[in-house]
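Counting starts at 1 for both ligands and their atoms, following the listed order. Scope of the values below: all heavy atoms of this structure, side chains included, with no hydrogens, waters or symmetry mates. We count residues from 1, following the sequence as given.
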Amino acid sequence: MPAKVSEVLKGSIAEELEIQPGDEILSIDDTQMLDMIDYNFMCKSDFLTIEVKKTDGEIEVIEIEKDFDEDLGIVFESAVFDRVKPCLNKCIFCFVDQQPKGLRETLYVKDDDYRLSYLQGTYITLTNLKEEDKERIKRMHLGPFYVSVHTTNPDLRVKMLRNPNAGKALDNLKWFRKNKIPFHAQIVLCPGYNDGAELERTLSDLSELKNTVLSVAIVPVGITQFRKEGLQQVDKKCAVETLDIASKYKKVCCSDEFFLLAEREIPPTKYYGNFCQLEDGVGALRMLLDDFKSSALPKSIKKHLKMSFAASYAAKYAIEKIAKDLNKIKNLTVTVNPVKSNYWGQDITVAGLITTDDLINTVKDLDTDMVIIPTVMLKPYSEDFLDGKTLTYVKEQTGKDFFVVKDIYSMKEIVDYLWSKA
Ligand code: SF4
């Protein structure tokens, strides 16, 4: 995979040099780059010589004089320019493995690449980390990483990841500690495997690594109707037990689902620290509620408006609280409509996995002027749903107008819209 340019930022050095999307950066200062880590490192200079292969095949050599830290304004197609390191595991709970065919291509990618973990916050298992990778991590002071630990019991980890190296790979955590390389840990909780006493053991072992561990997130295993193995889902009893165990350790946060299942209030902001594992559903509801609490609402809007949130089951808790306040605005009626996931089965409750048929079934008979959906239901920068059908198709099928909220942790776009109608 070459270092292919996907976008050139407006007003940037790259634009001035007429670098175009589709061009390939072959080298910087006669050195080829493996990934964005090399690129970012090499760009920290006052003078650069860049070799560019243009879309017509011509090679140009460009000399650049710039400020030391100044960005060139190039966005690449991929963060790694060689091959993404593939995952070598077959985890008992792997969501990728349990998906049916025909969904969005990116949902079938099984990467386990320390570079993507460093650059983009993806989770790695360390089962494919080589000595040369460790040498580079140490030399370039890379980190923090996001590590799917799941358990610190080597035998159990082999069983859960279905990889004979998975237990030994835990030695890398001690290597991180020795070399002061920080990481965030993730535990996918699978009842009957790594819960209860095994969870205690894992959290205790991680606490021994002191400051090397920046945070620990516990998330429940996701089970769909396509799973063949007999995994159990987290139930109320398991959620209560997990929350109680987690509360004994510092820097450990459970995802929102545990609080919903245990029928406990979503904890206050301070529980989540820096919200460092937000992408994993840890603190998303609290962030949304906090953001809304700080918004000033209009007392009324001019014309009567009916708004309907098509929410995931996970977000329902927060959206219902928000809707209660929005309904105090004169001339506004807000309803919350959780999308029932017939496609995946009831247990899947996240917005990013909602399919068009499930959305259409939820909203088609609503008496509403506008359906609100979060952008995570769509492929980034597109109007495609997970199943390849588009928002235009959903509009045609339902005859409804849709409002796509870009920031899923904020109600600002909705509040601004209401102010524009006040
Ligand atoms: S690490 Fe496990 S869960 Fe992640 S992609 Fe690989 S097999 Fe699936």
Side-chain angles (χ1 to χ4, degrees), residues 78-80 83-130 133-134 137 144-173 176 183-195 198-199 202 206 215-234 254-255 257 277-282 344-345 347-350 352-353 386:
S78 168
V80 296
R83 194 169 147 261
V84 172
K85 295 177 194 300
C87 159
L88 303 177
N89 314 308
K90 285 190 176 151
C91 298
I92 51 167
F93 49 82
C94 181
F95 193 80
V96 181
D97 287 344
Q98 64 176 293
Q99 293 174 122
K101 286 184 184 147
L103 298 178
R104 192 185 299 149
E105 223 173 81
T106 48
L107 291 170
Y108 300 100
V109 176
K110 284 178 66 170
D111 60 72
D112 197 356
D113 194 319
Y114 76 92
R115 301 168 301 171
L116 295 179
S117 187
Y118 169 65
L119 291 165
Q120 300 176 342
T122 58
Y123 289 91
I124 50 174
T125 62
L126 308 174
T127 52
N128 61 358
L129 200 66
K130 298 196 175 116
D133 300 330
K134 285 159 74 170
I137 289 169
F145 294 95
Y146 289 77
V147 180
S148 287
V149 175
H150 307 315
T151 173
T152 51
N153 175 343
D155 294 337
L156 180 58
R157 198 165 192 257
V158 167
K159 195 171 154 191
M160 290 184 74
L161 272 61
R162 290 194 289 211
N163 179 337
N165 291 326
K168 203 168 175 313
L170 287 168
D171 292 346
N172 288 316
L173 300 182
F176 277 6
F183 71 93
H184 298 275
Q186 182 207 43
I187 296 168
V188 174
L189 197 89
C190 300
Y193 285 87
N194 58 347
D195 58 339
E198 288 292 348
L199 179 64
T202 301
L206 287 173
S215 70
V216 182
I218 308 177
V219 300
V221 61
I223 299 177
T224 76
Q225 58 173 320
F226 302 107
R227 172 170 298 290
K228 294 183 186 75
E229 293 91 350
L231 274 178
Q232 292 171 49
Q233 61 194 45
V234 173
C254 292
S255 72
E257 291 98 320
Q277 299 207 48
L278 196 58
E279 297 283 320
D280 223 5
V282 182
W344 295 101
D347 303 322
I348 293 298
T349 58
V350 292
L353 293 174
L386 182 77

Colleague: Apply the test side chain to side chain contact (heavy atoms under 4.5 Å, CB included) to residues V221 and I92: give CA-CA distance (whole Å), side-chain angles for both, the deciding distance (0.1 Å), then the verdict.
Modeller: CA-CA 10 Å; V221 61; I92 51 167; over 6 Å; no
Colleague: Using 30° and 60° as the class limits, which term best fits the ring planes of Y146 and Y123: parallel, tilted or perpendicular?
Modeller: perpendicular
Colleague: Can you list the ligand 1 atoms lying under 4.0 Å from a non-hydrogen atom of T125?
Modeller: 1 (S)
Colleague: With a 3.5 Å cut-off and no angle check, do the side chains of E257 and S255 form a donor-acceptor pair?
Modeller: yes
Colleague: Can you confirm whether some protein heavy atom lies under 4.0 Å from atom 4 (Fe) of ligand 1, or whether none does?
Modeller: no
Colleague: Compare all side-chain heavy atoms of V80 with those of K85 and state whether any distance is below 4.5 angstrom.
Modeller: no
Colleague: Is atom 6 (Fe) of ligand 1 under 2.8 Å from any N, O or S atom of C94?
Modeller: no
Colleague: Could you tell me whether ligand 1 has any atom less than 4.0 Å away from a heavy atom of D112?
Modeller: no
Colleague: Heavy-atom distance to atom 2 (Fe) of ligand 1: which of C91, P86, A166, S148 wins?
Modeller: C91
Colleague: Contact between L199 and I218 at the side-chain level, heavy atoms closer than 4.5 Å - yes or no?
Modeller: yes
Colleague: Can you tell me the protein heavy atom closest to atom 6 (Fe) of ligand 1 and the distance?
Modeller: C87 SG, 2.3 Å
